[in-house]
Amino acid sequence: MSGLDIRGLTLELGGRRILDGVDVEVPAGQVTGLAGESGSGKTMTGLAVIGLAPAGAKVSGTVAYDDGEVRVPDLLALRPGAMNRLRGRRIAMVFQDPTASLQPMLSVGTQLTDHMRHHLHLSRSAARTRAAELLERVRVPSPEAALKRYPHQFSGGQLQRIAFAIAIACEPKVLIADEPTTALDVTVQAGVLRLLRELTDDLGLAVLLVTHDLGVMSAVADTVAVMRNGSVVEHGSRFQIITDPQTAYAKELVESLPHTPPPGTGEGEA
Amino acid sequence: MTAVQLPRRRALRVPVAWRRPAAIAGSVVLLAWVLVALLDPLLGLQDPLQQSVGDAFRAPSAAHPFGTDALGRDVLSRTLWGVRSSLPLAVALVAGSLVVGSVLGAVAGYLGGAVDEVIMRIADLVFAFPTIILAMVVAAALGPSLLNAVVALLVVSWPNYARVMRSLVLGARGQEYVVAGRLLGAGPFTSLRRDVLPNVSAPMLVLAMLDFGNQILLLAGLSFLGLGAVPPTPEWGSMVADGVTQFSSWWLATFPGLAIFSVVVAFNLIGDSLRDALDPRTAGAVQGSSI
């Protein structure tokens, strides 16, 4: 299978089990949603996959990576140097709050070209040209001028688009998006989600979308895995999870959505 | 401001920030001192070492604008010659302890664990002794010379920088953009240099600039004890130290003191402007409006 295959991912921190055997497949060209309440281990799953679990954490299980060119039977077993070469190149991540995840002291152009020059060995000017194309791709207005600006000069939505541009710059195959829209307001959210969907389809990305917001899930995810207390309690297609959750917890989570469920499901119509 | 709308790199932006009045004032003062240091032999001053016991403790007059000291030496001449030893030594000292302290502190804060423990316990060891006493011990062990005094002060002053740097790095390395940088493939040292250091440089710079006066006076302290500048050499710190005991001859301490003061103020003004110039958020006037 092309994409990520997470098997029995377990993470212990300070004697506490934060992840307790997470199994999720993240196939290429699809958005796999990871839903669940705060503290259920969604974010920790993302960080553990990319090898940045907090210091002192004990991680076990396997994470298989395959993109047709490169196959890694277990990311967790890689040496730090080898993992470093995959980060940003094959696996990229987008964070929740773009005002925090972009370096305030570096221009957008620098942040958008540094890793391309490092991973793809592009020249400064080639990287710059590609950076402008990327900004155009994620629809940041006047890309050339934007390259010279600094993060504090952009709005949150634009920053998140820039963060996506940075993430896809080296043409990664896997994108981990950790609550990419939570810090944005609803109208901006829709735009960013549309962008995420577009990138997934066009670049054949395997996207692991971490969010507590089932509304966001229902907008972009192909399949949804519901997490609770460090393990996946239910994994199914988006439609199935939203309309016909099998487990009690998934049911509860869906029912906690503020809007009325689709008609015909028999729920919330009384 | 249209002429400054297109700054391409940070290196080009500094001169623009230099147009601030504070930066200009600081640079002018500093430049003046550098010129004085270079041109001392051409200024037609009296020999700073020439003694004239009959003229001791003369108040400022036309012949001696800054008066004369206990041995009848011209204070103006000594003050202007003093910049030759005081300025480069203070710069070397502050730069040295800034670099050594920052590097050790950054490494300790970023790597943590055993490295952190070792570095910070050594720093604690230095902190455990009064600064000047420890500097005396080191200077005495090395033998009296200005260079050794600088080395001795370096040994006792790096922990101040290391402590501040360590706590700044501890705060900064948890920032999301540092993690994000790691996720783009930056190794620990790239991450430290690219994402952490630029964001902690401002307080370090301010600390260093404020430290200038302190260091000049510490150097003077060592000279006073016979462990720094060897007596006839004109040096501001030792001139102040000699002068403070002579209350009736106020000019002895006042003029070299003013010289130290002007250098410290100049460095502080430059430091402030430098800090503003290095931070894109406060270099705002230079960058044009936000989108």
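Here is how names work: the chains are called A, B, and so on, in the same order as the sequence lines, proteins then strands, and each is numbered from 1.
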Out of [options], which one racks up the most heavy-atom pairs below 4.5 Å with chain B?
options	value
A:Ile166, A:Asp114, A:Val94, A:Leu86	A:Asp114
A:Gln111, A:Met83, A:Gln96	A:Gln111
A:Ser101, A:Pro80, A:Ala92, A:Gly88	A:Ser101

> Is any side-chain heavy atom of B:Arg182 less than 4.5 Å from a side-chain heavy atom of A:Leu52?
Replying inline: yes
For [X] against [Y], the heavy-atom pair lying closest together:
X	Y	answer
B:Asn199	A:Pro104	OD1-CG, 3.3 Å
A:Gln103	B:Arg194	NE2-O, 2.7 Å
B:Glu176	A:Asp97	OE1-O, 3.4 Å
B:Pro198	A:Met105	O-CE, 3.0 Å

>> Looking at A:Arg79, I'd like to know if its CZ atom is crowded, meaning that more than 12 non-hydrogen atoms belonging to other residues, nucleotides or ligands lie closer than 6.0 Å.
In response: no
> Within a radius of less than 6.0 Å around CD of A:Glu12, do more than 12 heavy atoms belonging to other residues, nucleotides or ligands occur?
Replying inline: yes
> Can you list the steps and then say if B:Val179 with A:Phe95 is a side-chain contact (heavy atoms from CB on, under 4.5 Å)?
Replying inline: CA-CA 10 Å; B:Val179 181; A:Phe95 288 87; 3.8 Å; yes
>> So which residue, B:Thr190, B:Asp195, B:Val178, ends up with the most heavy-atom pairs under 4.5 Å with chain A?
In response: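 That would be B:Asp195.
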>> As an exercise, state the distance from CG of B:Leu183 to CD1 of A:Ile91, rounded to the nearest 0.5 Å.
In response: 9.5 Å
